[in-house]
Amino acid sequence: MASLRLDLSLPLRGFDLELALEAGPETVALVGPSGAGKTSVLRAIAGLARPARGTISCGDEIWFDADRRVDRRPEERSVGFVFQEYALFPHLNVEQNVSFGGARPDRLLWRLSIEHLAKAKPSELSGGERQRVALARALARGPRVLLLDEPMAALDPHTRGKVRAELHDLLRELALPALLVTHDFEDAAALADRVGVLVEGRLRQLGAPAELLGAPADPFVAEFAGANVLEGIAESGPDGLTRFHLDGERIVYSTDEARGRAALVVYPWDVSLARRAAEDSALNHLEGEIVSLVQVGNRVRVRLPFLTAEITASSAERLALRPREVVFASFKATQARLLPAD
Amino acid sequence: MASLRLDLSLPLRGFDLELALEAGPETVALVGPSGAGKTSVLRAIAGLARPARGTISCGDEIWFDADRRVDRRPEERSVGFVFQEYALFPHLNVEQNVSFGGARPDRLLWRLSIEHLAKAKPSELSGGERQRVALARALARGPRVLLLDEPMAALDPHTRGKVRAELHDLLRELALPALLVTHDFEDAAALADRVGVLVEGRLRQLGAPAELLGAPADPFVAEFAGANVLEGIAESGPDGLTRFHLDGERIVYSTDEARGRAALVVYPWDVSLARRAAEDSALNHLEGEIVSLVQVGNRVRVRLPFLTAEITASSAERLALRPREVVFASFKATQARLLPAD
Amino acid sequence: FAAASLTEVLPRIDKSPRYSFAGSDQLAIQIQQGAPADVLAAASPKQPELLFRGGLLRKPVVFATNRLIVLVPRSNPAHVRSVYDLRRTGVKIVIGDGTVPIGAYTRQILDALGITAEVTRNVVSQETDVKGIVAKVALGEADAGFVYLTDARPVASRTRSVALPTWAQPAIRYEVAVVKASSRPLVAKAFVRKLLSKRGRLLLKQAGFGLPRQP
Amino acid sequence: MRALFAALLAVATGIALAFLLLPIAAIFLRVPPGDLVGALGHNVTRDALLVSIKTSAVAHAVVLLIGTPAAYLLARRRFRGRGVVLTLIELPLVLPPAVAGIALFAAFGRMGLLGDELDALGVQIPFTQAAVVLAVAFVESPFYFRGAIAAFEAVDGTLVDAARTLGAGPARVFARVALPLAAGGLGAASALALARGLGEFGATIIFAGSLQGVTQTLPLAIYAQFEQDFDTALAISALFIVVGALLLVTLKLYGWLRFASIFRSRFAASTSS
Amino acid sequence: MRALFAALLAVATGIALAFLLLPIAAIFLRVPPGDLVGALGHNVTRDALLVSIKTSAVAHAVVLLIGTPAAYLLARRRFRGRGVVLTLIELPLVLPPAVAGIALFAAFGRMGLLGDELDALGVQIPFTQAAVVLAVAFVESPFYFRGAIAAFEAVDGTLVDAARTLGAGPARVFARVALPLAAGGLGAASALALARGLGEFGATIIFAGSLQGVTQTLPLAIYAQFEQDFDTALAISALFIVVGALLLVTLKLYGWLRFASIFRSRFAASTSS
Ligand SMILES: Nc1ncnc2c1ncn2[C@@H]1O[C@H](COP(=O)(O)OP(=O)(O)OP(=O)(O)O)[C@@H](O)[C@H]1O
Ligand SMILES: Nc1ncnc2c1ncn2[C@@H]1O[C@H](COP(=O)(O)OP(=O)(O)OP(=O)(O)O)[C@@H](O)[C@H]1O
Ligand SMILES: [Mg+2]
Ligand SMILES: [Mg+2]
């Protein structure tokens, strides 16, 4: 299977997009805040935006090479593109949309179980159905690369679950280099083998979802993965620990090394709550008044002024927590990661 | 504090919206699939859509009464409306937007910490900043009712967390009747005292988030709250249990009463996984091949062909689960709720 | 190519050729611009002579004469009985622009009658084309207009004409000439001959034109 | 205040409509229905009608054939001075008909810019039906251009991108995506242009003259009739208005419908989440 | 294939532009710059210029004052037969000038529909500057209408809703939201209409006649002139074109800018998530 290689620089309004990436027959997710340049990456690969410098190649085909003046037209690169709002042709029915590229639609309509919609106009379809049509259309010409721009964004959460599952299976089955843009870490974790975090045109971190969770490269990534991020000042503390002064002179300890301004990263599920400060020097203790309690599934997210803890519904029951009550949040020094502040 | 009362019927393209609701100084979330009529409810309250029948009143003021031919104009009802994409005036700067209603903007800009943006045009703002401006504008005239149409939808997840927290505090502080439309159950759970599930113009269930989780009124609500929903046929089984035939002749037992077609609801976190079928008659066992494993926070979502289980990362480690391996999913008969299929 | 005022009669004299009727000056311009004309029949000697000297025409000949009249709406709101009534203030008079023949003639006759000043005061429009004058009177929007006798007939149902004293009439000569650039000189000559023939003269007379002394 | 404003709007609209439609209605009061039909009897009318139809048809065909791709190019390409070009295109709208006629002479007349070239080819434009066609095309094309460019600009760019990633070259994109999606707007513009072309008078009479059966179009015939048979003139005018109205309404309504349908699908697409 | 298509587009555009601009350019080649200035010397020209400016200014003011609210109403309200009304508004575009003139007579003339009423008021319109104003307004207003309605329709409805929930009555909504947001489109439409009004000829000469210093506008003067001397006529024409072009370019560019800015903010707003 051909692999997609890119190393390009594309000037955007606010900043330059600088990206080097190689993807085999796998799904790579691009996550990042709005305006980070995610869509622009896909457009560059498809030939819809022209990089200032760099190269783009698929297997042995060179699609773009600034130095060698190579720049294949979009219609001559073999990409399947699923656009942010699907961009189905409103004047063509499902069948015509899918066969626009020239291929016979039947098999794909069947594969995505939308044969019964063959004659329907896009305007008559639900969000989920539209997404399938867009997929079918993108796959119709047997592309060598698949580009998906927030394929889930237009779906409401309860269809989302189903569609996500379908898409997952489809991607595995195709085994193509696929780039998936998404806003949602959970989507990324569910669908992608590797996740790249793009911020202001730069790739902050690229790795398996578990890696990003386990060892976020910087505060932004951590936050994206759902962690608490506390700003503060780090200095060397007793027995090899690092003493970390939170803005607001509370002190916590971490096993990580750091000096000066830094960011402390703690996952909500690593934080436990208690009525009384346990006498345990290995633990960090922070006192605070409960702002809100939110049950999510069988867990409860307890928001304190400075951080959020996630505990099981049962222990929340046991502690009988109520808003405005004062509790102690504790977490191990080993679970308090320190990262350079950005 | 005045409370908002409505009981109206509004004909929409596909169906009629029928809704009766009373909200005190609390936040009521409206969740539901796209096209369910959520926005239409807000528009009716604001006077932007005219119900065919019914009444809308705020405290002692009657805003709409079909029988008595009362229909106050939007500008004469005291509502603060935050629109789906904010609908800020592109030709006015932040200050002018907020003071459009006539009130002095300073305090609000300060309260929402956007004084520094006073002179900026909406086009120069980020999603989060826009949302704050929209809020400030909606609050400027000291409305008696607050209407928020998917205030978070336009935000990317990592700003979302912050904004959600701020909004939560603001709503508590205002103590106004507030209707919040959202697609996202977590938003609803975090912000609302009560959640109403609207499907095709009908209110399927209205209650505290925990209630919806604990006792979903129908399959849709359950699915929305994140449960597995399995279709099947129920019949009376041994010792008071109900025998439930899944389509695909697997059998599970439930302590709930039901006969004929029904839906079995079980939450992923109530499902445990094992390598071997434990010999425990109180448990339901379903065998299946793992489709995918997704780590979310400190838990792992394990998708099987027919249902999804959510187990702790540690136990996933212990079991060393891999895709395509066969496992046994078990859950108690008491955790298998039965609802009439819809 | 023929002056607008000939629109009615020429086809009766000879329906074979194709006619283009317009203000004499437009015709002149068009011929200067190289219009594919064979014959020019103009409502005044001015342009033919010009073009003749310009070497675009062969020698022009007079083939008809005409008279001026005052055209008034049938309802005659301003009660115009004679040309002298036109001095009354408030009478809406339409005349030709000084640059076109009808306008020039009108001025001549007014001078002759010595009522130029008073009448000019009442002029509400100076038209570049006889049609403009006729139309306005026929629509009853103007009280009176100076036009050729021959223009009265088509709108007889809507208008009346007030005769002008013969002694004051200017000499209105229609001249016809063959265009040098003509692609069919023979046909052209033939047409001119027809025009000057007995029958031609008869029809012109019927149409209300005066006739020049036999050349 | 509110009532006042509402009243104001209503009044303004009333005046505007009355002002525009009253004169047109008035003409019919002047014309006995009989004459309307009678007018068709006249051989002058018939000739003129034929000339009008023939020349407008040809001119319109040319305008569509050349104008559509041109409009497409101008709508897609972004280049400096584009605004100016788009404005120049509208310049002919400003010209008084007489000036337009002279301009055409100055360009295509025997003494004109291309005079010698055309002579060399043995082509003589003025006072031929070709001249009518040119004149009509000249005055009507700006109308079509305006509308067509707007229609093409309204086509969603991502749809074009989508088509390209699906392997469609520029020609295919134009034929299968841009054209059908712009159809509504093009229809409306085309109707307007055609209508304006039919009404063309000033430039034609100067540049093409008024030769019955050759260059005498309906408007010219009406003018000519003033001198011969006034009532016929009025009748033809009325007839003319009827034709024009029918033309506009049919083609425009068609346009509206197309637009509506496309708009609807867009709307649905955009609100579907 | 691709190259062919590209060529086709380029050629078409070339032809179109050449065809539209060549005649205009040609006029200038015919006119020595000296004459351009000289033309201004003529007292005929000066009078005509004054009349033109005066009448167009008044007519345009009226059209804006009445047309804008009317367009707003027609753009906002949805009623049956709306399509037809919008089409009727454009009907005047079809009328040949002569017919338009007669139509005006038929409506406002002494013998016209309102003749008696006007007489009663002691008002006499034909052959006065009022007549010129009417004629100009009649031909230019459809242009403004088209543009203004489109501009108002383009204003995002939710912005209007937002304004209302903020306590703004219809008048305020119009003044503070609709008008500023439509400004760009209105500007462009206004420019076009004004230009067309300046060029008006046919209806004026019939309905208002042509009297130097009173009802003789520039186009009429041009027409009258080339009976006399062609070159002056040409000179005035050239002068006229210059004025028209400047007018269009300035107002249009203004319009473009406004549009651009508004569009940009929309774009940003819509891509901001
Ligand atoms: N054609 C363009 N030329 C220059 N800059 C552009 C262009 N298109 C977008 N941009 C800018 O590039 C930046 C990135 O845009 P892009 O759409 O790639 O972001 P994104 O990550 O896809 O955002 P979102 O998540 O909202 O889709 C934005 O600031 C945008 O304003
Ligand atoms: N003005 C209207 N008249 C009639 N039907 C309408 C109108 N506006 C929307 N609808 C229809 O009413 C239904 C509900 O629309 P609404 O926008 O209220 O749904 P929603 O719950 O807000 O959806 P979303 O979550 O996508 O915003 C849709 O089917 C829509 O097509
Ligand atoms: Mg994007
Ligand atoms: Mg909505």
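Each chain gets a letter, A, B and so on, in the order the sequences are listed, and its residues count up from 1. Bear in mind the structure is a predicted one, so any value in this text is a computation, not a measurement.
- Between E:Thr165 and B:Arg141, the closest heavy-atom pair is O-NH1, 3.5 Å.
- By the 6.0 Å contact criterion, CZ on E:Arg78 is enclosed, its count of non-hydrogen atoms from other residues, nucleotides or ligands being greater than 12.
- Proximity to chain E is limited to the backbone of B:Leu88, based on heavy atoms less than 4.5 angstrom apart.
- Within 6.0 Å of CD in B:Glu200 there are 12 or fewer heavy atoms belonging to other residues, nucleotides or ligands.
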Exercise for the section: For the pair B:Phe89 and E:Leu166, evaluate side-chain contact (heavy atoms from CB on, under 4.5 Å) and give the outcome as yes or no after the intermediate values. Expected result: CA-CA 12 Å; B:Phe89 302 118; E:Leu166 292 170; 4.0 Å; yes
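- Both the backbone and the side chain of B:Arg137 come within contact range of chain E, judged by heavy atoms closer than 4.5 Å.
- The shortest heavy-atom contact between E:Arg176 and B:His91 is O-NE2, 2.8 Å.
- Contact detail for B:Ala87 and E:Leu159: the closest heavy-atom pair is O-CD2, 3.4 Å.
- Partners of B:Asp149 according to the salt bridge (Lys or Arg N to Asp or Glu O under 4.0 Å) rule, which considers only residues two or more places apart in sequence or in another chain, do not exist here.
- Here the CZ-CZ distance, from E:Arg172 to B:Phe100, works out to 5.0 Å after rounding to the nearest 0.5 Å.
- Between B:Pro90 and E:Leu181 the shortest side-chain heavy-atom distance falls below 4.5 Å.
- The minimum heavy-atom distance between B:Glu75 and E:Gly169, with the atom names listed, is OE2-CA, 3.7 Å.
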